[in-house]
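Reading through the structure tokens given below for one structure.
If you're wondering where the values come from, they're calculated on a predicted model, not measured in any experiment. Reminder, nothing fancy here: chain letters follow the sequence lines and each chain counts from 1.
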Amino acid sequence: MPEKTLVEAVRDAMDEEMARDENVFVVGEDVGQRGGVFRATVGLFDKYGGERVIDSPLAELSIVGVSIGAALYGMKPIAEIQFGDFIFPAMNQIVSEAAKMTYRSNGEWTVPMVIRAPYGGGIGGGLYHSQSIEAFFTHVPGLKVVIPSNPYDAKGLLKSAVRDPNPVIFMEPKKGYRLIRGEVPDEEFLVPIGPAKISRSGSDLSIFAYGMMHYYAMAAAEQLEKEGISAEVIDLRTLYPVDRQTILESVKRTGKALIVHEDNLTGGYGGEIAAIIAEHAFTDLDAPVRRLAGPDVPGVPFSHPMQEWFMVNEEKIADAARKLAQY
Amino acid sequence: MPEKTLVEAVRDAMDEEMARDENVFVVGEDVGQRGGVFRATVGLFDKYGGERVIDSPLAELSIVGVSIGAALYGMKPIAEIQFGDFIFPAMNQIVSEAAKMTYRSNGEWTVPMVIRAPYGGGIGGGLYHSQSIEAFFTHVPGLKVVIPSNPYDAKGLLKSAVRDPNPVIFMEPKKGYRLIRGEVPDEEFLVPIGPAKISRSGSDLSIFAYGMMHYYAMAAAEQLEKEGISAEVIDLRTLYPVDRQTILESVKRTGKALIVHEDNLTGGYGGEIAAIIAEHAFTDLDAPVRRLAGPDVPGVPFSHPMQEWFMVNEEKIADAARKLAQY
Amino acid sequence: MGLSSEIKKEMYWMMVLSRKLDERAWILHRQGKIAFHISGIGHEAAQVGAAYALKRGYDWVTPYYRDLALMVCLGLTPEEFMLSLMGKVGEPSSGSRQMPSHFGLRRANAVSHSAPVATQAPHAAGIGLAIKMKKEDKVVLTTIGEGSTSQGEWYEAVNWAAIHHLPVIFLVENNQYAISVPPEKQMAVPSSADKACGLGLPGETVDGTDVFAVYETIHRVIEKARSGGGPALIEARMYRITPHSSDDDDRTYRSKEEVDENKKKDPILLARTRLIEEGIITEQEADEMDKKAKDMVTEAVKRSEEAAYPNAEEASYPVYVEEVQHA
Amino acid sequence: MGLSSEIKKEMYWMMVLSRKLDERAWILHRQGKIAFHISGIGHEAAQVGAAYALKRGYDWVTPYYRDLALMVCLGLTPEEFMLSLMGKVGEPSSGSRQMPSHFGLRRANAVSHSAPVATQAPHAAGIGLAIKMKKEDKVVLTTIGEGSTSQGEWYEAVNWAAIHHLPVIFLVENNQYAISVPPEKQMAVPSSADKACGLGLPGETVDGTDVFAVYETIHRVIEKARSGGGPALIEARMYRITPHSSDDDDRTYRSKEEVDENKKKDPILLARTRLIEEGIITEQEADEMDKKAKDMVTEAVKRSEEAAYPNAEEASYPVYVEEVQHA
Ligand SMILES: Cc1ncc(C[n+]2csc(CCOP(=O)(O)OP(=O)(O)O)c2C)c(N)n1
Ligand SMILES: Cc1ncc(C[n+]2csc(CCOP(=O)(O)OP(=O)(O)O)c2C)c(N)n1
Ligand SMILES: [Mg+2]
Ligand SMILES: [Mg+2]
């Protein structure tokens, strides 16, 4: 099987879906000849032309709003938000329109679209090129929120997202775009939106993570294994709607939960996972539900020492897991 | 002491602060001669004139963005968002600008402003005049999020918000505007932003709520008392930054926690409270941490039976509390 | 101008029927039988003129809340409107999930409307884009109030349509008020149509009380757009004869004299006089039409009163769909 | 045009110094000594012309990332700029929390800039509003790229300034690209200045490679604004001589020939030739200025390299402040 980077997998998914369905199109800033600032759309302009690979005006609100309109008409837009940080101008269209259209029209109108957005820090991007934005959307019924952690899932989940009849926010861990490599079959495959994945079985504690943090969690688990600590790692993958069952079953097995994300701690996505466990796995718990997350400051700072202070990494995960295992 | 409604208390707070400090001004849609669609600014236009009570263009982004600019210059804007539901066009200015200004400028620039927004359902407003919006902001370091549940706190907290050097989102439970009455002294007073309040002491369980749900929680607690169940009710009031201490001390006393909000369950503010308790009061807990919240549908429906299905109320709170007490 | 007497009569009928529906809604509100009404009285000429310029059921529309007459022309039945006022089963836009006048009619290609103003404009641009991509000869009409053109959302939508030369007609219904705020506080140009010159599309103002003038203007720009001539921005000027909605008290910001003066330009009176002058209808026929409309409305009210409320549990869906609704 | 030879020489010096800083940044990047640079090469005439039209330190500015020369005129020192490139202690805009070129200089009334484009425009309108409220004779200049005028945010800001007749100058630096996207894909009018007519303020285009022409134009509109004459929109046209940033590869979307052709209109070359022709400086003086600037830059690099990185823990503050920073 060929090895691909995460960003290649994303590109391949779009290519295949555009080839499969002529209603699929790509729209965003610099997605055309430039091939996207992260090169996620490279080659698509040459292959499918400017009518299906549209360099939008520099305006996220209308990238999303126009895509919604096209979706209402029966198209399948893939809207790229250049950096997740720049999704906020489009908030109204996402939250008030895309998410609520099906419900508010009693199913008469639907918005089959994908919003792709690279997210996350550790790349010297400072406050505005590093944000994790999932918690703004994992609270909005009508949306689906998906974050892949490896090339296989990225391709399979993105293809599923394009075929999903509902609006999907597809967040890509940009630090992993070229860093994370993995085997991706040439044959067509899909990864279903919905189920979390047990990436690694273990018995001492469960680590819940996604995106880049899943990558570090796997590395930490390996380290811990050498120390005799058996960590189960769950890749949440589809953050919303959340896969309660996989989460609760894992905690039942291990009795301990460590939830990891790079977004700010307070109000972050981890709170929901902790709350689910605290309510529905109460009698299974052998220790407090532990969250490890970014600190509650307004952003990831640029200067290197400060950036490292902010970021969750392999070491910090291993430390937290060690303490929890020893509880 | 005179009795006031919640909306009168809000109005009085603005009036007093405008009289005290000539840099304070009010801006929003229909806040001028119309006195606001909920009449929260009635009389201010006549008293302070159109220069300090500004009917803005119908555009929330710039209501907030222009207020930020004025605040940077040394003014103290109180921006009214007509309904909380309409805050999303202003999301970028709130999240990217107001919240991050202090941090990103290393304290060189600050944004002392208040954004007032009526929120909440149960008033026949359908999807777009009923939303709870707190969870979008209780996750944004740099903001403060305040929700009063009674006229006294509304006045005292709003006055504190106007004097706060940081941006404050001040959400008002619109269903309670005229329904909730209470004594408010004529003499000047402030209620500090930060501490939660024990509204009612109890020993069997702790109910955590805010805004309209706090009003219902108090009524439920009274009902429960007659049944021999002693419920402690905590008014969270300042949702962000969150008052961990009061929450944890209460759970230590009662051993059981019921968290109530009318916003959707998943990803709602309650998840954070549950997570804090699950992590830091683990050994105090005699029962699972229970959340009672709105269902995970995209909005509060208009038609009466469907609206009632959505809304959390006194009975639903009493039921949940009863079950938890019996655990 | 090519309109047959038959069609002119039909257009007049549509205006009358809409007016009677609207007037009855106010009565029902006064009787306490409905909770909310937002009125199109004074807008009928603009809306009927525009509707008849469309190929109804073929072309697309993204309407706004004041478009009762437009929707009636698109086939919304009196009973359907009454069901929406009462929140009953069978309401076609939302199954009574939304407030009344949040229009939408799948069978007529009229997209579901929400409450945050201007969100429909980018949808229209997106529909226009899809029409262009599919090389069809449809057009899309989107309506909006003059106040709402202050939203950046509207600007971005028009900009898209202008850049991509899309078959979109932006119709601004300028009724001199946005709730209480006059156009001078929304824009520094005399007419919303003047905004066109800054966006690179043709703009035109038309007397919105003259149904045939509106028809002529909109028909011309629609046919131009249909044959690839690009978008247009039309402002129809009229006066909002009623308060903003049943929740509004317009005496706080305008005088009875002003309203009375403007009632002289009631578009239905003007059309009636004109059709009688032109010998297309007689006084008696006009009176009969009034009566017939009233009777239809009475019948619709009766049937709606007999209709059932939705079951509470219907509120639980549809949050997601399994299949796309195809255009 | 009233500029003394002395001032003209000073303006030329500012251009040269900025250019040398900018060129050195590219070198440092190639040497792997810094991670990121975004360049103002080609923009110096527009920025220095605009800066000298201000009462610097008295008037206010909300700049954008390409405004190195503007900031140098406002007093940003070579060392301060170098500290920002390296993320070192002493960087004045953010304490190295932000990426380089996210300008801001409290002592010069230059407001902190973020990354989401166009957010600075409403701030300028708000500052203009505050100036007007306080009846002061200051003005505020806000700059932006032509692509970023596609944002609704910018439209709303200009609209506010036009309605309220605020002392705000909107300067669009049209360098023919928004990363890879040309102006034809951003707007359907030939110049950003044409947008003025739809917003009700004067608009004008000026040759942005001619420092004195820019000075003259901006000075005129500033002095008009200062004396209550209201806002203006100016487009300065130039060419972005470098790639968008050090992360960009402009060969994917434009030819070397095009770039070379445009280098002939390098604003520094043009100013040099002109000043020599006018006898204000000699060739030799010009060469000496180049050398002096280079030496200053070298010195600044040296000092910055010696400077310390911030301590990691500095990243933990300031999230909130206890006191407002006064204007
Ligand atoms: C984003 C948003 N902000 C505020 C409102 C509240 N609101 C509803 S209608 C309205 C006035 C609209 O005026 P205009 O656009 O002129 O349309 P008209 O009602 O006069 O037809 C306002 C402020 C809203 N619906 N959406
Ligand atoms: C809201 C937002 N979307 C996207 C970006 C990414 N981005 C940074 S600069 C830029 C192009 C800006 O072009 P223009 O406004 O013409 O200014 P220039 O860089 O040419 O000076 C883009 C797309 C951003 N910073 N903010
Ligand atoms: Mg209006
Ligand atoms: Mg540019």
Side-chain angles (χ1 to χ4, degrees), chain A residues 22-23 25 27 50-52 54-77 79 89-93 95-113 140-144 163-168 193-194 241, chain C residues 60 62 91-98 102 104-107 109 111-116 118-134 136 138 140 142 151-153 155-157 159-161 163-164 166 168 310 314-315 317-327:
Chain A
E22 62 173 20
N23 289 323
F25 71 97
V27 56
E51 294 237 324
R52 289 180 68 195
I54 303 172
D55 274 333
S56 73
L58 207 182
E60 287 74 11
L61 187 173
S62 49
I63 292 175
V64 174
V66 166
S67 294
I68 292 173
L72 290 168
Y73 199 81
M75 304 298 290
K76 303 232 185 162
M91 203 72 185
N92 194 34
Q93 283 289 339
V95 173
S96 303
E97 299 299 314
K100 295 184 174 49
M101 184 66 76
T102 296
Y103 186 77
R104 83 176 190 219
S105 70
N106 198 16
E108 292 280 312
W109 296 96
T110 51
V111 181
M113 71 179 290
V140 181
L143 297 180
K144 298 185 178 183
R163 298 179 195 197
D164 200 287
N166 305 285
V168 180
I193 293 179
Chain C
W60 281 53
T62 74
E91 190 281 316
S93 77
S94 71
S96 287
R97 280 163 186 74
Q98 290 219 76
H102 288 56
L105 203 55
R106 180 86 219 189
R107 63 178 191 260
N109 295 341
V111 172
S112 164
H113 176 57
S114 64
T119 51
Q120 72 275 20
H123 302 174
I127 292 164
L129 182 70
I131 291 171
K132 191 181 170 196
M133 282 171 145
K134 289 182 177 284
E136 295 172 339
K138 295 177 182 176
V140 51
T142 182
Q151 295 277 357
E153 202 131 5
Y155 165 80
E156 291 192 21
N159 193 39
W160 259 88
I163 293 167
H164 290 274
L166 304 177
V168 187
E314 288 180 46
Y317 58 84
V319 183
Y320 300 99
V321 285
E322 295 299 319
E323 289 214 16
V324 180
Q325 303 299 306
H326 270 293

Closest approach of [X] and [Y], non-hydrogen atoms and distance?
{"X": "Trp160(C)", "Y": "Ile63(A)", "result": "NE1-N, 4.4 Å"}
{"X": "Val66(A)", "Y": "Ala125(C)", "result": "CG2-CB, 3.9 Å"}
{"X": "Ala130(C)", "Y": "Ala70(A)", "result": "CB-CA, 4.2 Å"}
{"X": "Arg97(C)", "Y": "Tyr103(A)", "result": "CD-O, 2.9 Å"}
{"X": "Pro57(A)", "Y": "Ile163(C)", "result": "CG-CD1, 3.8 Å"}

At a heavy-atom distance under 4.5 Å, which candidate from [options] has the highest pair count against chain A?
{"options": "Lys134(C), His102(C), Arg107(C)", "value": "Lys134(C)"}
{"options": "Gln120(C), Lys132(C), Lys138(C)", "value": "Lys138(C)"}
{"options": "Glu153(C), Gln98(C), His164(C)", "value": "Glu153(C)"}

Rounded at 0.5 Å granularity, tell me how far [atom1] in [X] sits from [atom2] in [Y].
{"X": "His123(C)", "Y": "Leu72(A)", "atom1": "NE2", "atom2": "CG", "answer": "6.5 Å"}
{"X": "Lys100(A)", "Y": "Ser114(C)", "atom1": "NZ", "atom2": "OG", "answer": "9.5 Å"}
{"X": "Leu58(A)", "Y": "Glu156(C)", "atom1": "CG", "atom2": "CD", "answer": "9.5 Å"}

Chain C contact via [X] - side chain, backbone, both or neither, heavy atoms under 4.5 Å:
{"X": "Pro112(A)", "result": "side chain"}
{"X": "Val111(A)", "result": "neither"}
{"X": "Glu51(A)", "result": "both"}
{"X": "Ile54(A)", "result": "side chain"}

Review point. Would you find a donor on one side and an acceptor on the other, under 3.5 Å apart, between the side chain of Gln93(A) and the backbone of Thr119(C)?
Key: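 Pair found, side chain donor or acceptor close to backbone of Thr119(C).
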**Study point:** side-chain contact (heavy atoms from CB on, under 4.5 Å) between Ser62(A) and Tyr155(C), intermediate numbers included
**Key:** CA-CA 9 Å; Ser62(A) 49; Tyr155(C) 165 80; over 6 Å; no
Exercise for review: Test side-chain contact (heavy atoms from CB on, under 4.5 Å) on Met75(A) and Met133(C) and set out the steps.
Suggested key: CA-CA 9 Å; Met75(A) 304 298 290; Met133(C) 282 171 145; 3.6 Å; yes
Given heavy-atom pairs under 4.5 angstrom as the criterion, report whether the side chain, backbone, both or neither of [X] touches chain A.
{"X": "Gln151(C)", "value": "neither"}
{"X": "Glu91(C)", "value": "neither"}
{"X": "Ala315(C)", "value": "both"}
{"X": "His113(C)", "value": "backbone"}
{"X": "Ser93(C)", "value": "backbone"}
{"X": "Ile127(C)", "value": "both"}

**Study point:** Among Asn166(A), Asp164(A), Thr102(A), Thr110(A), the one residue meeting side chain to side chain contact (heavy atoms under 4.5 Å, CB included) with Tyr320(C)
**Key:**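 Between Tyr320(C) and the candidates, side chain to side chain contact (heavy atoms under 4.5 Å, CB included) is satisfied uniquely by Asn166(A).
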Review point. When you look at CD of Glu136(C), are more than 12 heavy atoms from neighbouring residues, nucleotides or ligands closer to it than 6.0 Å?
Key: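 Yes, enclosed.
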Check your understanding: Any side-chain heavy-atom pair from Pro122(C) and Ile68(A) closer than 4.5 angstrom?
Key ->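 Answer no - side chains too far apart.
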Practice item. Apply side-chain hydrogen bond (donor to acceptor under 3.5 Å, both in side chains) to the pair Trp109(A) and Ser112(C), showing each step before the final yes or no. Key: CA-CA 7 Å; Trp109(A) 296 96; Ser112(C) 164; 5.5 Å; no
